[in-house]
Protein chains: 4
Amino acid sequence: MEIKVGVVGATGYAGAELVRLLLNHPYAKLTAISSVTFEGQKLSEVYPSYFGLCDMVCKTQEEVVEKCDVVFAALPHGLSQELAASCAKHMKFFIDLGADFRLEDEETYKTWYGCEFLDKALHEQAVYGLPELFRPLIRGRTIIANPGCYATAVPLAVVPAMEAGLIETNHIIADCKSGTTGAGRKPTQTTHFPDCNEGFTAYKVASHRHTPEIEQTLSCYSPNPVNLTFVPHLLPVSRGILATCYAALKEGVTEEQVRYVYHRRYQQEYFVRVLPKGSVANIKHVQYTNFCDISVHVDEHANTLVAISAIDNMVKGAAGQAIQNMNLVLGLEEKTGLMLIPPAF
Amino acid sequence: MEIKVGVVGATGYAGAELVRLLLNHPYAKLTAISSVTFEGQKLSEVYPSYFGLCDMVCKTQEEVVEKCDVVFAALPHGLSQELAASCAKHMKFFIDLGADFRLEDEETYKTWYGCEFLDKALHEQAVYGLPELFRPLIRGRTIIANPGCYATAVPLAVVPAMEAGLIETNHIIADCKSGTTGAGRKPTQTTHFPDCNEGFTAYKVASHRHTPEIEQTLSCYSPNPVNLTFVPHLLPVSRGILATCYAALKEGVTEEQVRYVYHRRYQQEYFVRVLPKGSVANIKHVQYTNFCDISVHVDEHANTLVAISAIDNMVKGAAGQAIQNMNLVLGLEEKTGLMLIPPAF
Amino acid sequence: MEIKVGVVGATGYAGAELVRLLLNHPYAKLTAISSVTFEGQKLSEVYPSYFGLCDMVCKTQEEVVEKCDVVFAALPHGLSQELAASCAKHMKFFIDLGADFRLEDEETYKTWYGCEFLDKALHEQAVYGLPELFRPLIRGRTIIANPGCYATAVPLAVVPAMEAGLIETNHIIADCKSGTTGAGRKPTQTTHFPDCNEGFTAYKVASHRHTPEIEQTLSCYSPNPVNLTFVPHLLPVSRGILATCYAALKEGVTEEQVRYVYHRRYQQEYFVRVLPKGSVANIKHVQYTNFCDISVHVDEHANTLVAISAIDNMVKGAAGQAIQNMNLVLGLEEKTGLMLIPPAF
Amino acid sequence: MEIKVGVVGATGYAGAELVRLLLNHPYAKLTAISSVTFEGQKLSEVYPSYFGLCDMVCKTQEEVVEKCDVVFAALPHGLSQELAASCAKHMKFFIDLGADFRLEDEETYKTWYGCEFLDKALHEQAVYGLPELFRPLIRGRTIIANPGCYATAVPLAVVPAMEAGLIETNHIIADCKSGTTGAGRKPTQTTHFPDCNEGFTAYKVASHRHTPEIEQTLSCYSPNPVNLTFVPHLLPVSRGILATCYAALKEGVTEEQVRYVYHRRYQQEYFVRVLPKGSVANIKHVQYTNFCDISVHVDEHANTLVAISAIDNMVKGAAGQAIQNMNLVLGLEEKTGLMLIPPAF
């Protein structure tokens with residue numbers, strides 16, 4: 001079997017990571033890539049790491065759609081809708097790493113992104129691609145909205161407790177820390193090495209665009225309204241998100257119960273590792289892999305659940321999960337091409 | 001004026017940082033230092049940075065007490081009590097950077113540190129040295145318990161809101177991130193460069209020894225019991241603590257109110273900088289200084305206060321605050337020797 | 001085909017990296033691992049990254065020899081000779097990542113390592129496993145001395161010019177910079193995060209044990225004595241070696257000649273990428289791969305060749321090259337299990 | 001005494017570092033600053049570290065010249081000449097951190113910088129401000145060309161051996177490594193955190209603009225032509241330059257001789273620390289100070305001198321040395337305002 005795959009926006013970080021992972025996929029054949037900024041240049045000129053490994057030339061997105069069966073897009077928001085329409089017209093699978101199809105509610109999308117749904121029917125065809133939570137809904141779909149990085153890490157940490165009714169939903173805190181690749185390839189003052197190095201701060205405090213996306217997911221698991229405070233921080237490392245999530249435990253809930261619920265919830269999930277007691281999730285242990293490590297802790301003194309998840313923001317938080325979604329919609333084993341071993345150190 | 005000062009435990013990180021700051025103090029004269037491990041060696045052999053600047057030889061703690069008017073101690077817990085007694089006997093000021101005199105309640109001390117109060121009278125003489133909160137109590141004392149690093153950062157961020165009755169006290173979250181110097185000079189697997197670099201994780205989740213210390217301070221400002229969940233994380237940087245603190249706001253409290261309260265609370269405090277709206281506290285901006293930067297944010301959607309403080313764990317979180325305490329008890333201006341300008345980048 | 005492979009010393013960095021790469025090898029089946037320090041513990045307890053991926057228990061080295069066809073050893077020097085004898089006796093392939101079999105001259109070995117050759121016959125059976133330079137000699141051997149990391153990077157950068165007679169051999173400089181994993185897993189003051197971070201220095205100036213090993217290799221390519229000054233530096237990064245090598249060019253040698261010689265020398269070598277003009281070798285571009293990137297530059301003003309090589313010290317400098325050697329002696333394609341794509345960023 | 005000082009180009013890294021150091025100078029009073037990009041904004045808006053410490057507003061360079069007695073300029077090359085003329089006209093001291101007045105030979109300046117000398121008389125008034133080497137020439141001057149960072153580190157390491165005739169001058173290698181602040185404040189792909197972090201490479205191999213500047217200095221100390229190969233590398237740290245310099249030793253020269261020569265040469269120099277045998281210069285040990293640490297090593301086997309110098313590129317390599325020059329021309333003690341203690345860790 002050979003699946004012709006292409007990447008639109010291959011020269012951004014998410015696009016380049018897709019290329020890296022697709023080159024190792026046993027059935028996917030990278031057939032075309034595109035870039036507006038670097039059209040006509042080899043990908044290896046933009047990313048010298050790929051010299052001799054992917055010297056493919058960047059073309060237009062039209063060429064990607066034409067030549068490929070599966071189209072991945074890693075574009076700034078607002079630009080995916082037209083591409084999705086084109087893919088739909090030509091019967092191609094479309095997996096969008098951008099934000100355009102993530103939010104179901106158009107008003108919320110307008111509020112946070114300032115854009116409208118160009119074609120509502122298209123949005124109804126789309127599905128939110130977080131396989132561990134919505135697998136049955138994803139199968140059979142052709143437009144997949146790949147979740148945001150924080151919107152992957154936080155729900156995976158919180159959902160099992162919420163679903164099992166172990167926590168209050170009115171004062172959930174998600175204190176998240178992301179590596180700098182989350183800010184993308186374009187140089188900025190914030191990610192300028194001397195400004196970023198040895199620094200640590202929060203940003204977009206309680207105003208990050210992943211907030212409504214996380215709430216949309218959590219709300220599927222709670223009969224009551226979910227009240228989330230989400231504060232992202234910028235870690236001076238390249239990759240990784242650690243989400244430290246706090247929620248008040250309902251009375252009488254014990255650590256054993258919590259632990260049992262999490263293990264049961266994810267026991268069939270290859271990509272979620274619920275850590276043994278005594279371990280704490282660490283971004284280092286999931287680097288370059290599609291794993292989401294979760295450790296659960298109970299503060300008995302304060303009756304609070306602390307659920308900590310770690311992902312590689314570029315893999316489970318972007319390119320890896322996109323390939324997992326491709327595998328899922330194509331009927332392949334989900335871990336195909338994604339059985340990656342993290343470095344030990 | 002010349003104050004003879006000495007450092008017991010000068011070869012640990014806190015001790016070495018004390019030396020650095022004391023060398024720049026206009027009235028303090030570093031007169032003797034001690035170290036058990038490196039007795040007989042020059043400090044500059046242990047820390048080559050100090051070559052030609054502090055080639056003083058490490059002696060015994062007895063010699064420090066004998067020769068100095070002010071004795072700073074940076075020792076593992078359990079070892080300060082005897083030294084404090086000796087200082088008291090010889091009428092020396094004693095400023096303890098360790099934990100022995102921080103907790104007022106002996107039971108709590110026993111629970112968290114596994115030691116007893118050797119001499120209760122001595123403990124009654126001691127005072128908790130967080131000048132911005134307890135200045136009137138500190139003046140005139142001769143045994144000062146210098147606060148822990150987290151126990152400095154968290155209360156400075158939370159107290160103004162609590163004191164003004166703006167927040168609920170039953171579900172406070174302190175999600176803290178510390179640089180690696182907080183773990184001390186002794187090499188460990190956790191702080192081994194390749195294990196630590198590019199990693200990020202929580203540790204001692206809801207079980208860190210600074211928890212009761214923070215609660216002791218916060219309780220002074222709340223009529224109701226304070227319920228705190230404290231989770232420290234290890235940042236792959238050398239210096240700095242960022243404390244991101246969350247509390248439910250009482251109904252109707254606005255951001256303007258919060259902002260007003262913080263500015264008013266700290267307007268006379270040289271070392272606390274309440275940042276203007278739009279700024280977020282960053283460990284980089286306080287590096288190598290005794291400042292505590294605080295930014296306050298209101299999540300209106302979730303009705304939650306987010307108060308973020310940043311300190312240099314080795315300065316305001318240890319050596320700098322110790323010198324501030326010395327200045328205070330000696331009647332000097334508090335900022336003497338501590339008017340340090342952080343690097344711009 | 002299934003090759004039973006084992007790792008003696010699996011809990012050191014080189015051993016753990018071997019495990020990571022062997023788990024992805026299509027024909028190798030990791031069958032047993034050993035560790036003196038962690039005998040009886042799971043590898044994933046030592047390296048939590050491997051949780052669920054390699055929970056194999058560390059046994060004795062005897063068990064590894066017994067159960068496996070190929071035995072890799074990553075041991076402190078002096079300990080491999082006995083193990084090699086045991087492997088020879090039981091007709092196992094032995095690939096040694098340590099230093100015991102690298103030096104052909106016993107006197108040199110004594111001088112630099114303070115040990116003797118326990119069994120000279122064994123040493124005669126051994127071969128130095130740098131495939132790009134000594135491939136024909138390696139085939140058919142059963143005891144392979146895997147080169148040191150610097151001793152891989154420097155010769156690959158210098159040999160083409162030397163072999164082609166383009167440079168003087170009497171004043172070669174190898175200014176090398178290595179990431180901290182080169183110092184191994186054991187915590188030390190030098191690799192303690194706060195001491196190492198934001199620092200940079202040379203160490204073992206002109207006295208590093210890889211010096212005679214590099215000279216041994218270079219001497220194979222020069223009729224005249226080779227005079228090398230080798231200075232290693234410690235880079236505050238996890239992985240990678242950059243070797244910047246300098247040699248006086250013979251009169252009249254042009255950059256085009258140099259470039260031609262390097263391209264021709266390595267055109268058949270999958271793992272050596274001679275970079276195009278305008279590119280400079282960077283440790284980032286070879287991370288987590290078995291590549292050695294080489295860029296060549298001519299300082300026309302000073303008539304000096306600057307040849308720069310970059311490797312991942314744990315892969316091409318240790319575990320990856322060891323597997324390359326295994327592939328070679330077993331008659332597999334050399335790149336089997338080693339077609340790794342470096343991250344783009 | 002109060003010296004009115006001003007900084008033209010205060011929002012670049014060198015300018016901002018000047019501000020930091022000048023704020024601590026006992027006699028200098030920072031009176032005006034300018035910036036083209038940020039005119040009208042507070043410096044603390046550009047560098048939040050300075051909040052409450054330097055909220056001075058950026059004005060025009062004319063205002064700086066008008067109000068100040070000493071004008072420091074940290075401008076891109078080509079822009080200092082006009083400013084120097086203006087300072088000369090108004091009888092102000094002018095200390096230029098840029099390159100315009102560093103090279104004495106106009107042809108060389110044209111070749112490397114592509115500009116001409118606008119006013120040759122002005123260039124004749126200027127002096128090259130490396131106090132440890134050219135102190136007698138600097139005194140009494142009013143236009144000072146502050147040396148480049150590499151052009152400070154390399155000559156300080158090489159000159160004593162050259163001056164004493166211990167080394168051959170025909171094949172000197174300066175392998176230098178600089179932290180990222182050397183690239184300035186403007187974000188670029190090269191200094192974008194994820195691209196730079198965990199990477200290490202050379203740049204401008206044998207073609208860096210500091211080459212002729214270094215050669216100009218070295219030539220003052222050698223009767224024979226100096227032949228230098230200079231290769232800079234980019235270190236993934238914020239601050240610091242380590243220059244590892246190699247030269248063939250003349251026959252019979254011993255390590256003791258070398259050591260004696262270096263100690264004697266710098267024994268009166270406060271800012272140069274010749275390290276004791278066994279120590280190696282490290283950028284960490286000079287961070288945030290005006291020191292230049294030097295360690296000398298002899299490779300007896302290869303008869304090669306290895307002289308290693310470490311400076312903070314922003315202090316001794318820029319702002320600190322500029323203040324040292326100001327002190328010198330004003331007749332102050334050179335270390336005034338520069339008695340900085342580096343952090344121990």
Side-chain angles (χ1 to χ4, degrees), chain A residues 168 170-173 175 177 179 192 194-207 211 215 226-231 233-242 244 246-248 279-285 287 295-306 308 310 343-345, chain B residues 168 170-173 175 177 179 192-207 211 215 226-231 233-242 244 246-248 279-285 287 295 297-306 308 310 343-345:
Chain A
E168 305 291 347
N170 66 335
H171 191 47
I172 295 174
I173 307 291
D175 188 291
K177 303 87 177 173
H192 186 44
D195 289 18
C196 179
N197 182 41
E198 294 294 294
F200 184 70
T201 186
Y203 67 100
K204 295 185 189 162
V205 177
S207 61
T211 310
E215 288 186 338
V226 170
N227 202 350
L228 171 79
T229 294
F230 166 45
V231 177
H233 300 71
L234 185 65
L235 268 180
V237 304
S238 291
R239 285 165 179 253
I241 283 178
L242 195 88
T244 313
Y246 302 86
S279 287
V280 186
N282 188 331
I283 59 169
K284 201 169 184 81
H285 301 161
Q287 261 191 330
S295 65
V296 290
H297 314 263
V298 167
D299 182 354
E300 291 183 2
H301 175 62
N303 210 35
T304 296
L305 170 68
V306 184
I308 307 179
F345 45 82
Chain B
E168 305 291 348
N170 65 337
H171 190 49
I172 296 174
I173 307 291
D175 188 289
K177 302 87 177 174
H192 185 44
F193 192 90
D195 289 17
C196 180
N197 182 41
E198 294 293 294
F200 183 72
T201 187
Y203 66 100
K204 294 184 189 162
V205 177
S207 61
T211 309
E215 287 185 338
V226 169
N227 201 349
L228 171 79
T229 295
F230 166 46
V231 177
H233 300 71
L234 185 65
L235 268 178
V237 304
S238 290
R239 283 167 179 253
I241 283 177
L242 195 89
T244 312
Y246 303 86
S279 287
V280 186
N282 187 330
I283 58 169
K284 198 168 186 82
H285 302 160
Q287 261 192 329
S295 65
H297 314 265
V298 167
D299 181 354
E300 292 183 0
H301 175 62
N303 211 35
T304 296
L305 170 69
V306 184
I308 308 180
F345 45 83

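Each chain gets a letter, A, B and so on, in the order the sequences are listed, and its residues count up from 1. What you see below is based on every heavy atom in this structure, not just the backbone, and it leaves out hydrogens, waters and symmetry mates.
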Trainee: With chain B as the partner, which of A/S238, A/S207, A/G199 has the greatest number of non-hydrogen pairs under 4.5 Å?
Mentor: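 Heavy-atom pair counts peak at A/G199.
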Trainee: Of the backbone (N, CA, C, O) and the side chain (C-beta and beyond), which part of A/I283 lies under 4.5 Å from a heavy atom of chain B, both, or neither?
Mentor: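 The answer is both parts of A/I283.
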Trainee: What's the spacing between B/D195 CG and B/T201 OG1 if we round to 0.5 Å?
Mentor: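 Between B/D195 CG and B/T201 OG1, I get 12.0 Å after rounding to 0.5 Å.
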Trainee: Check each atom of A/Q287 against the heavy atoms of chain B and say whether the ones under 4.5 Å are side chain, backbone, both or neither.
Mentor: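 The answer is the side chain of A/Q287.
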Trainee: Could you check whether the rings of A/F200 and A/H233 sit parallel, tilted or perpendicular, using 30° and 60° as the cut-offs?
Mentor: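 Answer is parallel, since the angle falls under 30°.
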Trainee: Go through the side-chain N and O atoms of A/T244 and A/D175 and say whether any donor and acceptor fall under 3.5 Å apart.
Mentor: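 Absent: no donor and acceptor within the cut-off.
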Trainee: Please report the interatomic distance NZ(B/K284) to CD(A/E198), rounded to the nearest 0.5 Å.
Mentor: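 One gets 6.5 Å once the value is rounded to the nearest 0.5 Å.
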Trainee: What part of A/E215 gets closer than 4.5 Å to chain B, counting heavy atoms only: side chain, backbone, both or neither?
Mentor: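 The side chain, not the backbone.
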Trainee: Counting heavy-atom pairs closer than 4.5 Å to chain A, which one of B/A310, B/A248, B/P343 comes out on top?
Mentor: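 Among the listed options, the one with the most contacts to chain A is B/A248.
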Trainee: If you measure from NZ on B/K177 to CG on B/L235, what distance do you get to the nearest 0.5 Å?
Mentor: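 One gets 8.0 Å once the value is rounded to the nearest 0.5 Å.
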Trainee: Which atoms of A/A281 are under 4.5 Å from chain B, going by heavy atoms: the side chain, the backbone, both sets, or neither?
Mentor: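 Looking at A/A281, just its backbone touches chain B.
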Trainee: Need one label for A/H297: side chain, backbone, both or neither, based on atoms under 4.5 Å from any heavy atom in chain B.
Mentor: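 Contact with chain B: side chain only.
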Trainee: Take A/I308 and A/V280 through the test side chain to side chain contact (heavy atoms under 4.5 Å, CB included) and record every step on the way to the result.
Mentor: CA-CA 8 Å; A/I308 307 179; A/V280 186; 4.0 Å; yes
Trainee: With respect to chain A, which residue among B/E300, B/H285, B/H301, B/H192 yields the maximal number of heavy-atom pairs within a distance under 4.5 Å?
Mentor: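 With the most close heavy-atom pairs to chain A, the winner is B/H301.
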Trainee: Considering only heavy atoms, which portion of B/F345 lies under 4.5 Å from any heavy atom of chain A: side chain, backbone, both, or neither?
Mentor: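 Both parts, backbone and side chain.
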Trainee: Under a 4.5 Å cutoff for heavy-atom pairs, which residue among A/V231, A/V298, A/L234, A/N303 has the most contacts with chain B?
Mentor: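 Top count of heavy-atom pairs under 4.5 Å with chain B: A/V231.
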Trainee: With a 4.5 angstrom heavy-atom cut-off, which part of A/V306 approaches chain B: side chain, backbone, both or neither?
Mentor: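 The side chain, not the backbone.
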Trainee: When rounded to the nearest 0.5 angstrom, what is the spacing between OG1 in A/T304 and CG in B/L228?
Mentor: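 With rounding to 0.5 Å, OG1 (A/T304) is 9.0 Å from CG (B/L228).
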Trainee: Going through the distances and angles, do B/I172 and B/Y246 end up as a side chain to side chain contact (heavy atoms under 4.5 Å, CB included)?
Mentor: CA-CA 6 Å; B/I172 296 174; B/Y246 303 86; over 6 Å; no
